[in-house]
Amino acid sequence: MNVPPRPLLPPGPYLLCDDTVLPDMPLVAKAERLLAGGARVVQLRMKRTPIREALEAARAVVALCRSAGAVCLLNDRVDLALLSDAHGVHVGDEDLPARDARVLLGPGRLVGVTVRDELGAREALEAGADYVGVGPVFGTTTKAVPAPVLGLEGLARVVRGSPLPVVGIGGVGLSNVASVAATGVHGAAVVSDALLAQDIAERVRLLAGAFERGRVGG
Ligand SMILES: Cc1ncc(COP(=O)(O)OP(=O)(O)O)c(N)n1
Ligand SMILES: Cc1ncsc1CCOP(=O)(O)O
Ligand SMILES: [Mg+2]
């Protein structure tokens, strides 16, 4: 049987459509604005949305992303990713192990894993992951992360030692995304800097331009 090829994770800003930041704006409205700004990767992160509403949101956001040609990943939830036909999932220490997410998702979807260092990145590769999320790069109030801030040097060290593409996360925004890109990361995950901007779409455009300018060889 022919298995459709796994989508590639586009490089550049990796936008989170999150229900904890700007909670009064519906997730679909957030996704529309992120996509209007040209987002090529959207992670739907639902920490406080009731499950049936979350499934409805996942289906709607995945459909919007697919229409826009963007990749959509579900945070934490393999079940929602399958039911919404998302491109994949992002899992961390409190979620299903990456190896099991891969078993459930099969070869045709992306699996991203949170790791803290190069060893974690090598283990993620072994487990069948496609990329690693690494952070916190800088301080953040969006999540209480049980790990020290890496800074740009710490991030660059993980990038050098990782066999998988690295997405930096934590405190990344317009003021520092170029220097994050300069570490050689594949992607820069952004939550509050985009969602709390006056004009979300314009902020996504600015983030993409700054990432491109900071990129190694860019
Ligand atoms: C791209 C990316 N990297 C890391 C994370 C964090 O995932 P996790 O550790 O599972 O924490 P929660 O996001 O579930 O609170 C991420 N979401 N995305
Ligand atoms: C989910 C997550 N994991 C590590 S930091 C973080 C939150 C990042 O949010 P922000 O981009 O607002 O700092
Ligand atoms: Mg998680």
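Whatever order the structure lists ligands and atoms in, that order sets their numbers, starting from 1.
Contacts with ligand 1 closer than 4.0 Å are made by side-chain heavy atoms of R45 only, the backbone lying farther away. By the criterion of a heavy-atom distance under 4.0 Å, neither the backbone nor the side chain of V134 is placed next to ligand 1.
Heavy-atom proximity to V145, at under 4.0 Å, picks out these atoms of ligand 2: 4 (C), 5 (S). For ligand 1, the atoms closer than 4.0 angstrom to any heavy atom of K47 are 12 (P), 14 (O), 15 (O). Heavy-atom contacts of Y14 reach the following atoms of ligand 1: 1 (C) (cutoff under 4.0 Å). Set against the non-hydrogen atoms of D76, the atoms of ligand 1 under 4.0 Å away are 10 (O), 14 (O). Atoms of ligand 2 lying under 4.0 Å from at least one heavy atom of K143, given by number and element, are 1 (C), 2 (C), 3 (N). Within ligand 2, the atoms closer than 4.0 Å to a non-hydrogen atom of R45 are 1 (C), numbered from 1 in the order shown. Annotation for ligand 1: atoms under 4.0 Å from non-hydrogen atoms of G133 are 3 (N).
Within the 2.8 Å limit, E94 places no N, O or S atom next to the Mg ion (ligand 3). At a threshold of 2.8 Å, the Mg ion (ligand 3) has a backbone or side-chain N, O or S atom of D95 nearer than that distance.
At the shortest separation from atom 8 (P) of ligand 1 among protein heavy atoms lies T114 OG1, 3.5 Å. Closest to atom 13 (O) of ligand 2 among all protein heavy atoms lies T140 OG1, 2.6 Å. Nearest protein heavy-atom neighbour of atom 18 (N) of ligand 1: Q43 NE2, 3.0 Å. V191 N, 3.0 Å is the protein heavy atom nearest to atom 11 (O) of ligand 2. Of all protein heavy atoms, the one lying nearest to atom 11 (O) of ligand 1 is K143 NZ, 2.8 Å. For atom 2 (C) of ligand 1, the closest non-hydrogen atom of the protein is H90 CE1, 3.4 Å. Protein heavy atom at the shortest distance from atom 10 (O) of ligand 1 is D95 OD2, 3.0 Å.
Within the 4.5 Å cutoff, side-chain heavy atoms of K30 are placed close to those of L22. The shortest distance between side-chain heavy atoms of V132 and V167 does not fall below 4.5 Å. Annotation: side chain of V42 is not in contact with side chain of L73 (no heavy-atom distance under 4.5 Å). Between D95 and N75, every side-chain heavy-atom pair lies at or beyond the 4.5 Å cut-off. A heavy-atom distance below 4.5 Å is found between the side chains of I51 and L80.
Aromatic pair H90/Y131: centroids less than 6.0 angstrom apart.
Of the polar atoms of T142, at least one N or O is found under 3.5 Å from an N or O of ligand 2, judged by distance alone. For a threshold of 3.5 Å applied to N or O pairs, the pair formed by A189 and ligand 1 contains no separation below that value. Where the criterion is an N or O separation shorter than 3.5 Å, residue side chain and backbone included, S192 meets it with respect to ligand 2. Note: no N/O pair closer than 3.5 Å links V190 and ligand 2 by distance alone. For ligand 2, the polar-atom distance check finds an N/O of G171 within less than 3.5 Å of one of the ligand's N/O atoms.
Enclosure of atom CG in D93 is not indicated, since only 12 or fewer non-hydrogen atoms of other residues, nucleotides or ligands lie within 6.0 angstrom. Few gaps surround CD on E118; more than 12 heavy atoms of other groups in view lie less than 6.0 Å from it. Annotation: E126, atom CD; neighbour count of heavy atoms from other residues, nucleotides and ligands within 6.0 Å does not exceed 12.
Ion pairing of K143 with D18 is absent here, as no side-chain N (NZ or NE/NH1/NH2) approaches a carboxylate O to less than 4.0 Å. The residues D19 and R45 are annotated as not salt-bridged, no charged nitrogen and carboxylate oxygen being separated by less than 4.0 angstrom. Here R59 does not pair with D85 in a salt bridge; the nearest charged N to carboxylate O distance is not below 4.0 Å. Electrostatic pairing of K47 and D76 counts as a salt bridge here, judged by a charged N lying under 4.0 Å from a carboxylate O.
The atom of D76 that is an N, O or S and sits closest to the Mg ion (ligand 3) is OD1.
T49 contributes no side-chain N or O that, together with a main-chain N or O of M46, makes up a donor-acceptor pair within less than 3.5 Å.
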